[in-house]
Engineer: 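Handing you this structure, nothing more for now.
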Amino acid sequence: MVGFKGWAIRAPAGLATIAVLLCLSLLTALYAVMDRADTAVATARDMAAHDLGILYDSARDQSAAFSSTSFIGYSVGRYYGFASAFAQISPNPERAAALLRTAFAGGDAPQPGASSALAPYMAVHDRFHASFVDMIGASVFDDLYLIDRLGRVVYSLRKDGAFGLDLNDARARDTPLGQAFREIMARLQQVDDPNQVLVVTRPQALDGATTPDHPDGVGMLVARPVVRHGAVEGVVAFRLPLATVDRRLGALARPLARRGIGFALIDAGGRPADAPAAARGLAPSGIYPVPGTPWEFQVLASRWALSGWLGWWTWCLALASVTGGAWGWRQARRSCAGLAAETDTPHAAPAPLAAIMPASPPEAVPSQGAPPPPVPAESSPPPVPVSALGPAPGGVAEREPANDLDANEEFRRCIVDVMTLALDFWHHAKRKGKIELAEESGLWRVYMDRSSLQTRTLDKYLLVETLPRNPRWRDVVRTAEFVLRHCPDAGAEREGVREALGRLKQHLRHAERI
């Protein structure tokens with residue numbers, strides 16, 4: 001209790017006001033920082049979703065166009081394509097795959113001195129390989145896999161770790177290529193048109209494949225069945241490398257890098273598939289899906305960089321708040337100590353009652369032992385009326401003012417009528433709302449409430465129940481005159497505003513305010 005009194009009495013008069021203003025300013029700055037960062041993240045999210053959607057549509061359309069070409073259908077055919085040539089290498093599929101990996105150990109070109117058993121396969125390879133190289137070079141993909149009806153990878157453009165695998169084997173069933181193959185074969189049993197079957201995977205490590213620009217071999221598969229003359233000849237799977245997506249997102253993030261924005265695609269395990277160099281030092285700000293695709297991406301952002309000068313302003317306000325709070329606490333402690341010292345100071349003993357009471361005149365003192373004379377009832381002083389006592393000590397008697405215009409119900413209703421009629425006339429004449437009226441007239445403040453503009457003060461003047469106790473009648477008069485001046489349309493609405501404004505001015509003249 002002593003501390004509270006010391007604060008209330010001894011502390012500087014403006015200290016509480018300064019503290020409140022600093023706190024409100026700090027909260028406003030923090031809200032502005034968060035709102036600015038959220039707006040920037042939302043804009044970046046929409047841009048990334050749009051670009052990834054375009055990339056997905058491009059990959060889907062290119063895979064559909066390639067898989068329907070004649071050389072794809074011929075190359076994987078069971079009678080004259082890679083499937084038939086693969087079967088001619090050896091009756092044992094594992095030995096055939098081993099011979100192929102040995103012959104193409106250096107990449108997509110066969111090694112000299114290959115086994116004569118590979119002659120049929122080499123003939124088919126020489127016939128189709130150059131066309132596949134040109135086709136993939138002009139697309140968003142970097143590799144393709146041809147899988148026959150039995151699940152064997154009979155061709156790979158880059159001859160990576162999936163080349164020659166039997167996807168039905170227990171060691172290859174759980175690979176991304178094996179899962180895509182099984183999913184396509186399962187969907188073919190459920191649809192009437194096999195050309196509508198499409199499988200697109202999320203980013204993942206693809207069978208140990210490597211590329212020069214992305215050694216981790218992470219990418220997505222776009223797989224379709226190969227249909228020839230109404231029969232399914234096999235499956236073609238195109239490899240979309242993560243490097244292609246990184247380049248697309250990098251081009252999008254490059255102008256946003258200074259603002260603290262980056263992107264990362266989410267892999268099948270729910271983690272970022274890659275951490276681009278441009279996104280290092282940025283914190284995740286949410287995971288978002290790409291509409292119409294199985295892909296998801298993450299927005300990486302630095303809220304400090306996004307805040308710009310608002311961040312520095314917030315730090316200055318925080319520092320000022322801490323400094324002001326410490327100084328205020330110190331002043332309060334000093335005030336409390338001073339009040340406690342005054343309270344503990346001993347006071348002089350009160351004087352005896354006889355010393356401060358006036359002495360009675362000698363003739364008024366009755367003799368000792370004699371009873372005091374009775375006081376007649378008529379001599380009792382008459383009661384004093386309460387009205388004659390004056391105002392109570394320490395205060396002023398409350399009374400209703402004779403002409404309190406602000407409390408006049410008719411005057412307050414007249415203010416509301418002027419505002420509502422002026423706003424309706426403004427809306428019908430200018431096709432604008434109260435936000436534009438407040439901004440163009442400059443008489444009312446406009447506030448930003450999250451993502452929308454509000455006129456809190458003006459709204460209070462549209463209902464008698466919310467009208468302030470001491471209304472700003474000058475702003476109401478100026479608002480009506482502004483509307484009449486800028487809305488030249490004649491009619492009943494204009495006359496209504498003029499009549500309501502005239503009644504309001506009549507009240508003001510009667511109260512001698514204008």
Side-chain angles (χ1 to χ4, degrees), residues 21 24-25 27-29 31-40 42-43 46-47 50 308-310 313 400-514:
L21 290 177
L24 290 177
S25 301
L27 291 176
T28 304
Y31 174 79
V33 167
M34 291 187 294
D35 183 70
R36 183 171 182 173
D38 292 341
T39 301
T43 303
D46 296 340
M47 294 171 61
H50 178 264
W309 65 269
L310 281 175
W313 176 245
E400 185 71 19
N403 185 22
D404 191 358
L405 183 61
D406 293 337
N408 190 318
E409 187 66 24
E410 186 177 353
F411 170 70
R412 296 171 65 83
R413 187 173 298 279
C414 190
I415 288 180
V416 173
D417 290 342
V418 171
M419 284 300 297
T420 54
L421 291 173
L423 184 59
D424 291 342
F425 184 37
W426 171 266
H427 176 69
H428 293 152
K430 305 290 284 186
R431 296 295 188 269
K432 297 180 180 180
K434 57 185 178 181
I435 302 295
E436 291 80 4
L437 177 59
E439 290 179 341
E440 294 182 19
S441 67
L443 298 171
W444 308 94
R445 291 193 62 183
V446 179
Y447 303 86
M448 173 62 73
D449 188 0
R450 291 188 179 274
S451 60
S452 62
L453 298 175
Q454 302 291 335
T455 54
R456 301 173 187 166
T457 306
L458 187 148
D459 293 344
K460 296 179 181 180
Y461 285 75
L462 302 179
L463 292 173
V464 177
E465 293 78 9
T466 60
L467 192 66
R469 183 176 180 182
N470 298 315
R472 292 155 43 184
W473 56 267
R474 291 184 180 86
D475 290 343
V476 175
V477 172
R478 291 168 183 162
T479 302
E481 292 175 346
F482 175 83
V483 172
L484 291 173
R485 188 166 58 253
H486 289 80
C487 299
D489 298 350
E493 289 186 344
R494 183 181 185 88
E495 293 303 320
V497 176
R498 290 174 62 88
E499 291 177 2
L501 181 59
R503 290 194 300 270
L504 176 59
K505 290 183 177 181
Q506 186 177 0
H507 279 283
L508 295 172
R509 291 192 192 97
H510 182 70
E512 296 181 353
R513 290 196 177 184
I514 60 175

Engineer: Are the side chains of Q454 and V446 in contact, using a 4.5 Å heavy-atom criterion?
Structural biologist: no

Engineer: Kindly give the heavy-atom pair with the smallest separation between W426 and G433, and that separation in Å.
Structural biologist: NE1-O, 3.2 Å

Engineer: Out of curiosity, L443 CG to D475 CG, how far, rounded to the nearest 0.5 Å?
Structural biologist: 5.5 Å

Engineer: Check whether R445 reaches the backbone of A438 with its side chain - one donor and one acceptor, N or O, closer than 3.5 Å.
Structural biologist: no

Engineer: Salt bridge or not between K432 and E440? Use side-chain N to carboxylate O under 4.0 Å.
Structural biologist: yes

Engineer: Do the non-hydrogen side-chain atoms of P471 and R412 ever get within less than 4.5 Å of each other?
Structural biologist: yes

Engineer: How many angstroms lie between OG1 in T455 and NZ in K434, if you round to the nearest 0.5 Å?
Structural biologist: 4.0 Å

Engineer: Sequence neighbours left out, what passes salt bridge (Lys or Arg N to Asp or Glu O under 4.0 Å) with E436? Give chain and number order.
Structural biologist: none

Engineer: Check this for me, if you would: do K505 and E481 make a salt bridge, where the nitrogen-to-carboxylate-oxygen distance has to be below 4.0 angstrom?
Structural biologist: yes

Engineer: Quick one: does D489's side chain get under 4.5 Å of H428's, heavy atoms only?
Structural biologist: no

Engineer: Which residue pairs satisfy the ring pair (Phe, Tyr, Trp, His ring centres under 6.0 Å) criterion with at least one member in residues 435-462, sequence neighbours excluded?
Structural biologist: W444-Y461

Engineer: Just verifying a value: how many Å separate T466 OG1 and D459 CG, rounded to the nearest 0.5 Å?
Structural biologist: 8.0 Å

Engineer: With a 3.5 Å cut-off and sequence neighbours excluded, list the donor-acceptor pairs that the side chains of residues 494-503 form with protein atoms.
Structural biologist:
residue	atom	partner	partner atom	Å
R494	NH1	L484	O	3.1
R494	NH1	C487	O	2.4
R494	NH2	L484	O	3.0

Engineer: I want to check something: taking the side chain as every heavy atom from C-beta on, are K430 and L437 in contact at a cut-off of under 4.5 Å?
Structural biologist: no

Engineer: Quick one: CD on E410 to CD1 on I415, what's the gap to the nearest 0.5 Å?
Structural biologist: 12.0 Å

Engineer: Under the side chain to side chain contact (heavy atoms under 4.5 Å, CB included) rule, what do M448 and L453 come out as? Steps first, then yes or no, please.
Structural biologist: CA-CA 5 Å; M448 173 62 73; L453 298 175; 3.6 Å; yes

Engineer: Would you say CZ of R413 has more than 12 non-hydrogen atoms from neighbouring residues, nucleotides or ligands within 6.0 angstrom?
Structural biologist: no

Engineer: Measure across E409 and V464 and return the closest heavy-atom pair with its distance rounded to 0.1 Å.
Structural biologist: OE2-CG1, 3.4 Å

